[in-house]
Undergrad: 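I'd like to ask some things about the structure below.
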Amino acid sequence: MSETNSAAEVAAPHRYTATMAADIEARWQDFWDENGTYEAPNPSGDMAGDPSVADRSKKFIMDMFPYPSGAGLHVGHPLGYIATDVFARFQRMTGHNVLHTLGFDAFGLPAEQYAVQTGTHPRVSTEANIVNMKAQLRRLGLGHDKRRSFATIDPEYYKWTQWIFLQIFNSWYDDDAKSARPIAELVAQFESGERAVPADENGTTRAWSELSPADRAEVLGQYRLAYASDAPVNWCPGLGTVLANEEVTADGRSERGNFPVFKSKLRQWNMRITAYADRLIDDLDGLDWPEAIKLQQRNWIGRSEGARVDFPVDGERITVFTTRPDTLFGATYMVLAPEHPLVEKLTPSAWPEGTHDVWTGGHATPAEAVAAYRKQAASKSDVERQAEAKDKTGVFIGAYATNPVNGQQVPVFVADYVLMGYGTGAIMAVPAGDQRDFEFARAFELPIHCIVEPTDGRGTDTSTWEDAFASYDAKIINSSNDEVSLDGLSVADAKARITEWMAQRGVGEGTVNFRLRDWLFSRQRYWGEPFPIVYDEDGVAHSLPESMLPLELPEVEDYSPRTFDPDDADTSPETPLSRNEDWVNVQLDLGDGVKSYRRETNTMPNWAGSCWYELRYLDPHNDEKLVDPEIEQYWMGPREGQPTGGVDLYVGGAEHAVLHLLYARFWSKVLFDLGHISSAEPFHKLFNQGMIQAYVYRDSRGFPVPAAEVEERDGKYFFEGEPVKRELGKMGKSLKNAVTPDEICAEYGADTLRLYEMAMGPLDVSRPWDTRAVVGQFRLLQRLWRNVVDESTGSVSVSEDAPDEDSLRALHKAIDGVRQDLEGMRFNTAIAKITELNNHLTKSGGAVSRSVAEQLVLLIAPLAPHVGEELWRKLGHDTSVVHEDFPVADPAYVVDEAVTCVVQIKGKVKARLEVSPSISDEELEKVALGDERVVAALDGAGIRKVIVRAPKLVNIVPA
RNA sequence: GCCGGGUUGGUGGAAUCGGUAUACACACGGUCCUCAAAAGACCGCGCUUCACGGCAUGCGGGUUCGAGUCCCGCACCCGGCACCA
């Protein structure tokens, strides 16, 4: 304990000090735990409670749950937790049954890498970290229902993660019903012939009954919502695992670790999230989310409307996707992605007569040219491909396709500016209307046909153009054949007409294309949920029955991942679980006798556990069901104002915009379709809190120096006498600027920390931490304490007399404002209003009236719960303040007795008048025009106009 | 390049509907208490001017009786996407 406090204690033994705060806080935290103060009753089951509370309207208030990292918390981490806690407390005091708790997302790369670094088993280190983090969080006085907390690594929890995986594995998406359905219903359709069995690789079709079990599994794999497939995936040798697209940065590196990522063809598990692309976009409309996040999801899913068009070539056909079918008449060549499967089939043995030299790349035959180009393209990493994006490269494959709208022969190229992963991996090139096609056409001396009339005066002679004319706001020209003409039409009308024509002729159709890819769901890690999948001797995947769940992670000698030289693409992943032959090879009876099986040795990605955890908070001990339907309906069900249902408030960082938030929405929709839950959306309202930033001080070499030891002199900064540079950055150990909640709690107490974090500014904006400024909120609590408690005796000092008129007005204005601010999550201004009221009471001198003091304590209780409880108790109440009613303002006292009216001349304030709030416009105008300062300022000038907004404003416009 | 968000005192920020710009807090300066210091209490605090006043919400225009707020243009900062057909 610091000297300052001990000295102060002598002067005023009952002053609110850090020592006293520590004592009060520890006492109330124990009280809350012992009395289950924050336990929210369910309507039924093992957590059923007081029915009068369970009948209240519910509020489910949630944080994005943390990774229990070994580094512990700094003051930035609990910002959101404090905000949801304040909001939850306010909702509890306004008549709601509030579910508020916190679990731990403990599987995944960070936990495992920490475990690898420290040499201990991930479970041991993770559980120790959870214990540590729980202690740090408990110190903050968060009102969590602790019965509902869990970690994703608990076998009782991941049993249900595995169960959901099997639900997804054992279902398919029915495009007609726009819903997931059990896979057995698809099998029934194949058996009855209601649905045709798709043709195999060789194009032959057989009846379901003629297929072998392996063939059937292959067919079903094309439909299952979770499926294994051989496809190019993101392979990261540096991490030793494959990654989802969402985990790879724009420059082709891993989001974690920043290692290069390569495309490699591997058999991996995927989730068919693309089946839900439409619903994932459409349902955003009903959500109360920041528009920026909705936009990011829409962009990530990337819905584009356009058309598929077939270009015949040598008995085959190239199908392209285009968003601009209106420009088909301007298609002068085609491009296939280097990996496109038709490239080999279409490449002839020799160059056609008269092939342009620049098209051949100097090769003797098309096959040679194509092979060389493909090899060169494949060796490029994504990073190189990005860097060279400006230079258009490619090679002619020696074949011509027919443009279906005008019969023209157009050359077919391969070029890496067309990506196999988007659309059909093939494009029609319209150089007049697309900048990329324009650059390629110029490089390869291809014709450029003007099919949109330029509106910028450049004219229709494309040989003079410097770039493509890509406007949507122009008329189509030079676009007609014997049956259809687009000339003179707008882009939109031309699209509609040509799409209709193509559909009639059977050469193309309108379609919607998505940027979203299926979600790569397997990782080569130890520290994740094992897949509840085994393979029989034919390699057919079987799901384990529910009775065999959870499939627990085996204890292994070596759980560390096999990593490789980060730049070595010629490596392939090795799963830690595959090293354990005893576990991998099993004898099981899956319904047709005991047989030998091999277990799947991949594990699920760290996102799996966070895809459904909101549901487990509802019914955390249910061993029979994912969640009891009645309980789920109560907390998550759709209702007025929230037709899709979901969590009432979800607070977390914006970095999860397209990862966790997209995956969790997808799982919710599958579980909803299959009838397990009543809400198709997990999170109705989302709020992104800003970051707490911190100053980083760097020495002359650029290394961070300990921020706490930097001295400021005349706006310059020095460390050990040497000048250092200050910049604003993140808070963290490596930047030597971390401030822990523990040290702030020790110095001032948790209530001060809570108030400071909430008072710093609006919750959604980032702002710098300033330890020096924390004392301001400590002083607020000290003054509040002094307004209620005698510092020398410790007894309550409030007066039993009725409050004076002034204090009543100050109180009710504060109540009115604080209520609205807390409802709107404007915690900073709520604190300002409480401070104002408290300052008013301090300044008016004499004892504060009991009724005012009590309401003030109730106002601050959600923000500073320990002081709230302690003062409430001192004021003679024997109940917890947590469930008291939040004060309600009396409108009679919210209005001032007299208000200040400003008198402006041409918008400039010239005089202020004290007037009655009920003054009429006419009366006010008269008073204003008679005021001597106004008369003086007008200086005899006539009056042209007077605007009166009683009672606040008069504006005079002189002639 | 495209999309989204931002720029208010020395500092964090307030002004929710176009109507008193700078609430609340930090820092700073002063006074009281004290042998002294700390803590605490009280006062001051956008810039400029002796003062009357004038000027200030990134910059330049506009609409309006009146603009931090609405419109047009520009600069800078932060975030997202990016050869997506």
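Here is the naming used below: chain letters follow the sequence lines, and residue numbers restart at 1 for every chain.
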Undergrad: Does C70(B) have a Watson-Crick or wobble mate here (both distances under 3.5 Å), and if so which one?
TA: G62(B)

Undergrad: Given A25(B), C3(B), A39(B), identify the nucleotide with an atom nearest to the side chain of Arg15(A).
TA: A39(B)

Undergrad: It should be established whether Thr829(A) places a side-chain nitrogen or oxygen under 4.0 Å from OP1 or OP2 of nucleotide A23(B).
TA: no

Undergrad: Consider the side chain of Ser304(A), meaning its heavy atoms from C-beta on, and name the nucleotide among G13(B), A85(B), A25(B) that approaches it most closely.
TA: A85(B)

Undergrad: Which residue pairs pass the side chain to side chain donor-acceptor pair (under 3.5 Å) test with at least one member in residues 752-761 of chain A, sequence neighbours excluded?
TA: Asp85(A)-Arg754(A)

Undergrad: Please check if atom CD in Glu914(A) has more than 12 non-hydrogen atoms from other residues, nucleotides or ligands closer than 6.0 Å.
TA: yes

Undergrad: Look at the side-chain N and O atoms of Arg298(A) and state whether any lies under 4.0 Å from the OP1 or OP2 oxygen of C81(B).
TA: no

Undergrad: Looking only at atom P, what distance separates A25(B) and G46(B), rounded to whole Å?
TA: 15 Å

Undergrad: Determine: side-chain N/O of Gln782(A) to OP1/OP2 of G40(B), distance under 4.0 Å, yes or no.
TA: yes

Undergrad: With syn defined as a glycosidic torsion within 90 degrees of 0 and anti otherwise, which applies to C72(B)?
TA: anti

Undergrad: In whole angstrom, give the distance that lies between atom NE2 of His340(A) and atom C1' of A85(B).
TA: 13 Å

Undergrad: Expressed as a whole number of Å, how far does the P atom of G53(B) sit from that of A36(B)?
TA: 43 Å

Undergrad: Taking the same atom, P, in G6(B) and in U69(B), what whole-Å distance lies between them?
TA: 13 Å

Undergrad: With nearest nucleotides of RNA chain B determined for Arg826(A) and Lys843(A) from heavy-atom distances, which residue corresponds to the more 5′ nucleotide?
TA: Arg826(A)

Undergrad: Return the value, rounded to whole Å, for the distance between atom NZ of Lys908(A) and atom P of A21(B).
TA: 9 Å

Undergrad: Between A25(B), G80(B), G19(B), spot the one nearest the side chain of Gln904(A), thanks.
TA: G19(B)

Undergrad: Of the candidate nucleotides U16(B), G19(B), C84(B), which contains the atom at the shortest distance from the side chain of Arg436(A)?
TA: C84(B)

Undergrad: Can you tell me if NZ on Lys294(A) sees more than 12 non-hydrogen neighbours from other groups inside 6.0 Å?
TA: yes

Undergrad: Looking only at the side chain of Arg912(A) (C-beta and beyond, no hydrogens), which of the listed nucleotides A23(B), U20(B), A25(B) gets closest?
TA: U20(B)

Undergrad: Any side-chain N or O of Lys906(A) less than 4.0 Å from the OP1 or OP2 oxygen of C65(B)?
TA: no

Undergrad: Select one nucleotide: of U20(B), A14(B), A85(B), the one nearest the side-chain heavy atoms of Thr900(A).
TA: U20(B)

Undergrad: At under 4.0 Å, does any side-chain N or O of Arg779(A) touch on OP1 or OP2 of G40(B)?
TA: yes

Undergrad: Using a cut-off of 4.0 Å on non-hydrogen atoms, how would the nucleic acid contact of Asp821(A) be classed: base, sugar-phosphate, or nothing?
TA: base

Undergrad: Can you check whether Asn828(A) has a side-chain N or O nearer than 4.0 Å to OP1 or OP2 of A14(B)?
TA: yes

Undergrad: Mind checking the C1' distance from C3(B) to A82(B)? Whole angstroms is fine.
TA: 11 Å

Undergrad: Quick one: Glu747(A) CD to C26(B) C1', roughly how many Å, whole number?
TA: 16 Å

Undergrad: Looking at the base of G19(B), is there any donor atom on it, or on the side chain of Arg949(A), that sits under 3.5 Å from an acceptor on the other one?
TA: yes

Undergrad: Checking all strands, does Arg783(A) fall into the base, sugar-phosphate, or nothing category for heavy-atom contacts under 4.0 angstrom?
TA: sugar-phosphate

Undergrad: Under 4.0 Å between any heavy atoms, over every strand shown, what does Ala292(A) touch: base, sugar-phosphate, or nothing? Just pick one.
TA: sugar-phosphate

Undergrad: Looking across every strand, which nucleic acid part, if any, lies under 4.0 Å from Leu295(A) by heavy atom: base, sugar-phosphate, or nothing?
TA: sugar-phosphate

Undergrad: When you compare C33(B) with G19(B), how far apart are their C1' atoms, in angstrom units rounded to a whole number?
TA: 45 Å

Undergrad: Below 4.0 angstrom from OP1 or OP2 of A41(B), is there any side-chain N or O of Arg786(A)?
TA: yes

Undergrad: In terms of ring plane angle, is the pair Tyr333(A) and Phe440(A) parallel, tilted or perpendicular, where the classes change at 30° and 60°?
TA: parallel

Undergrad: Can you tell me the base-pairing partner of C32(B)? Count Watson-Crick or G-U wobble geometry only, both distances below 3.5 Å, and say none if there is no partner.
TA: G40(B)

Undergrad: Heavy atoms from C-beta onward define the side chain here; which of U16(B), C24(B), C26(B) lies closest to that of Val775(A)?
TA: C26(B)

Undergrad: When you check the gap from the basic side-chain N to the acidic O, do Glu439(A) and Arg436(A) get nearer than 4.0 Å?
TA: no

Undergrad: Below the 4.0 Å mark, does U11(B) have OP1 or OP2 next to a side-chain nitrogen or oxygen of Arg772(A)?
TA: no

Undergrad: Under 4.0 Å: is that the gap between some side-chain N or O of Asn839(A) and OP1 or OP2 of A25(B)?
TA: yes

Undergrad: Tell me whether G12(B) sits syn or anti, counting syn as a glycosidic angle within 90° of 0.
TA: anti

Undergrad: Classify the nucleic acid contact of Arg767(A) as base, sugar-phosphate or nothing, counting any heavy atom under 4.0 Å across all strands shown.
TA: sugar-phosphate

Undergrad: I need the CD1-P distance between Ile301(A) and C3(B), as an integer number of Å.
TA: 20 Å

Undergrad: Rounded to whole angstrom, note down the P distance from U64(B) over to C28(B).
TA: 48 Å

Undergrad: Let's see if you can work this out: which of C84(B), G19(B), U16(B) has an atom nearest to the side-chain heavy atoms of Lys833(A)?
TA: U16(B)

Undergrad: Counting only side-chain heavy atoms from C-beta out, which of A14(B), A85(B), A25(B) sits nearest to Thr835(A)?
TA: A25(B)

Undergrad: By nearest nucleotide on RNA chain B, pick out whichever of Ile427(A) and Gly761(A) is the more 5' one.
TA: Gly761(A)

Undergrad: Among C42(B), C83(B), C81(B), find the nucleotide with the atom closest to the side chain of Asp416(A).
TA: C83(B)

Undergrad: How would you label the contact of Asn955(A) with the nucleic acid (heavy atoms, under 4.0 Å): base, sugar-phosphate, or nothing?
TA: base

Undergrad: Tell me whether Arg317(A) at atom CZ has more than 12 heavy atoms from other residues, nucleotides or ligands lying less than 6.0 Å away.
TA: no

Undergrad: Would you mind classifying the nucleic acid contact of Ala773(A) as base, sugar-phosphate or nothing, using non-hydrogen atoms under 4.0 angstrom?
TA: sugar-phosphate

Undergrad: Using only modelled atom types and a 3.5 angstrom limit, is any donor from either the side chain of Lys392(A) or the base of C83(B) paired with an acceptor on the other?
TA: yes

Undergrad: For the pair Asp285(A) and Arg298(A), find out whether any cationic side-chain nitrogen is under 4.0 Å from an anionic carboxylate oxygen.
TA: yes

Undergrad: How far apart are the closest heavy atoms of Ala244(A) and Asn234(A), and which atoms are they?
TA: C-ND2, 3.7 Å

Undergrad: Using modelled atom types only, decide if a donor and an acceptor are shared between the side chain of Asn403(A) and the backbone of Phe329(A) within a distance under 3.5 Å.
TA: no

